[in-house]
Amino acid sequence: MRHFEAIRSHLGGIHKLRQNEPYVISFDVALRGGRHQGIYLAELEDDDGRRYLRLSTPIGPLAGLDARRCLRFNWEQRTGYLAEADLDGSPYLHLCENRPYDSLDERELARLIDVLGVTGDQLEQVVNGEADAL
């Protein structure tokens, strides 16, 4: 798991990719109770040329959310953070995690996807009620 193509190949064999672009893929993970959560993976590069894998999942529309609650959530997390990103042209709150490739193997990638999916779904239910909108 040292580069994005290895991750694409691995996850494409496990999940049906909804989005499959050069440096972005997405798929749905199935959760308990028939729920599902969209997971997005993208490659990022820092100023020194070090590459990272960004994992994210949409939580809900940003409109009407209290920014202080989002910042408090970020402060309390050991890993992961909330961020804003567009989803179909609208600002959405996303749960994100950035990891350097050198710390990723198949087991850690699966763990991150599982945690992101479950935590993202829980946050989505808080923001949107019981609807499985994302």
Side-chain angles (χ1 to χ4, degrees):
M1 300 289 158
R2 299 287 182 219
H3 53 83
F4 196 75
E5 288 308 313
I7 289 170
R8 177 195 317 277
S9 177
H10 173 70
L11 292 175
I14 298 171
H15 302 281
K16 180 181 178 189
L17 300 181
R18 286 189 294 124
Q19 185 175 9
N20 191 1
E21 297 176 12
Y23 294 101
V24 177
I25 61 174
S26 69
F27 54 89
D28 289 334
V29 291
L31 303 170
R32 290 186 203 183
R35 296 180 63 82
H36 68 280
Q37 192 70 23
I39 304 290
Y40 293 78
L41 291 89
E43 183 172 271
L44 305 172
E45 188 173 321
D46 69 11
D47 293 338
D48 296 326
R50 188 172 182 195
R51 294 180 182 202
Y52 294 81
L53 180 66
R54 170 174 289 160
L55 300 96
S56 68
T57 187
I59 303 302
L62 189 58
L65 291 178
D66 180 1
R68 291 182 309 174
R69 288 180 68 196
C70 295
L71 292 172
R72 183 170 294 130
F73 175 88
N74 285 349
W75 182 259
E76 294 172 356
Q77 298 310 300
R78 287 175 175 51
T79 60
Y81 59 93
L82 294 174
E84 181 273 334
D86 283 349
L87 185 65
D88 297 329
S90 298
Y92 261 71
L93 187 64
H94 284 246
L95 178 63
C96 304
E97 177 76 30
N98 294 336
R99 288 293 176 97
Y101 284 109
D102 56 6
S103 70
L104 287 175
D105 58 19
E106 290 178 6
R107 186 173 164 189
E108 177 64 3
L109 183 60
R111 187 190 72 76
L112 287 169
I113 290 168
D114 183 53
V115 168
L116 196 72
V118 170
T119 306
D121 185 57
Q122 291 169 346
L123 290 171
E124 180 183 336
Q125 289 180 60
V126 169
V127 170
N128 298 314
E130 291 299 314
D132 192 10
L134 306 171

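Start at 1 with the first residue, then count along the sequence.
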Seminar exercise, completed: All heavy atoms of Q37 vs all of P58, minimum pair found to be NE2-O, 2.9 Å
Seminar exercise, completed: Value for NE2 (H94) from CZ (R54), rounded to nearest 0.5 Å, stands at 10.0 Å
For this session: For the pair S103 (side chain) and P100 (backbone), establish whether a donor and an acceptor sit closer than 3.5 Å, ignoring hydrogens and angles.
Result: yes
Problem set entry | Worked check of side chain to side chain contact (heavy atoms under 4.5 Å, CB included) between L104 and L112 | CA-CA 10 Å; L104 287 175; L112 287 169; 3.7 Å; yes
Exercise. With clusters built from Ile, Leu, Val, Met, Phe, Trp and Tyr whose side-chain heavy atoms come within less than 4.5 Å, directly or transitively, what are the remaining members of the cluster of Y52, listed by chain and number?
Worked result: L44
For this session: State plainly whether one hydrophobic cluster holds both M1 and V115, where clusters connect Ile, Leu, Val, Met, Phe, Trp and Tyr through side-chain heavy atoms under 4.5 angstrom apart.
Result: no
Exercise. Any Lys/Arg nitrogen of R51 or D46 sitting under 4.0 Å from an Asp/Glu carboxylate oxygen of the other?
Worked result: no
For this session: Please round to the nearest 0.5 Å and tell me the distance separating atom CD of E124 and atom CG of L95.
Result: 11.5 Å
Problem set entry | Parallel, tilted or perpendicular, as decided by the 30° and 60° cut-offs, for the rings of F27 and H15 | parallel
Exercise. So how far is it from S56 OG to Y40 OH, rounded to the nearest 0.5 Å?
Worked result: 8.0 Å
Problem set entry | E21 and Q19 side chains, donor-acceptor separation under 3.5 Å | yes
Exercise. Between R2 and D102, is there a salt bridge with N-O shorter than 4.0 Å?
Worked result: no
Exercise. Do NZ/NE/NH1/NH2 and the carboxylate oxygens of E108 and R99 come within less than 4.0 Å?
Worked result: yes
Seminar exercise, completed: The reported gap from CG in D121 to CG in L31 (rounded to nearest 0.5 angstrom) is 5.0 Å
For this session: Kindly determine whether L11 and L109 satisfy side chain to side chain contact (heavy atoms under 4.5 Å, CB included), including the steps that lead there.
Result: CA-CA 9 Å; L11 292 175; L109 183 60; 4.1 Å; yes
For this session: Using atom types as modelled and distance alone, determine if a side-chain donor or acceptor of T57 lies under 3.5 Å from a backbone N or O of L116.
Result: no
Exercise. Among all residues two or more places apart in sequence or in another chain, which pass the ring pair (Phe, Tyr, Trp, His ring centres under 6.0 Å) test with H3?
Worked result: none
Problem set entry | Nearest-0.5 Å distance that lies between atom NZ in K16 and atom OG in S26 | 11.0 Å
For this session: Would you check if there is a donor-acceptor pair between the side chains of E43 and Y101 at a distance under 3.5 Å?
Result: yes
Exercise. Roughly how far, to the nearest 0.5 Å, is the CG atom of L41 from the CG atom of L53?
Worked result: 5.0 Å
Problem set entry | side chain to side chain contact (heavy atoms under 4.5 Å, CB included) evaluation trace for D28 with R18 | CA-CA 8 Å; D28 289 334; R18 286 189 294 124; 3.1 Å; yes
For this session: Walk me through it: do R50 and E45 pass the test side chain to side chain contact (heavy atoms under 4.5 Å, CB included)?
Result: CA-CA 6 Å; R50 188 172 182 195; E45 188 173 321; over 6 Å; no
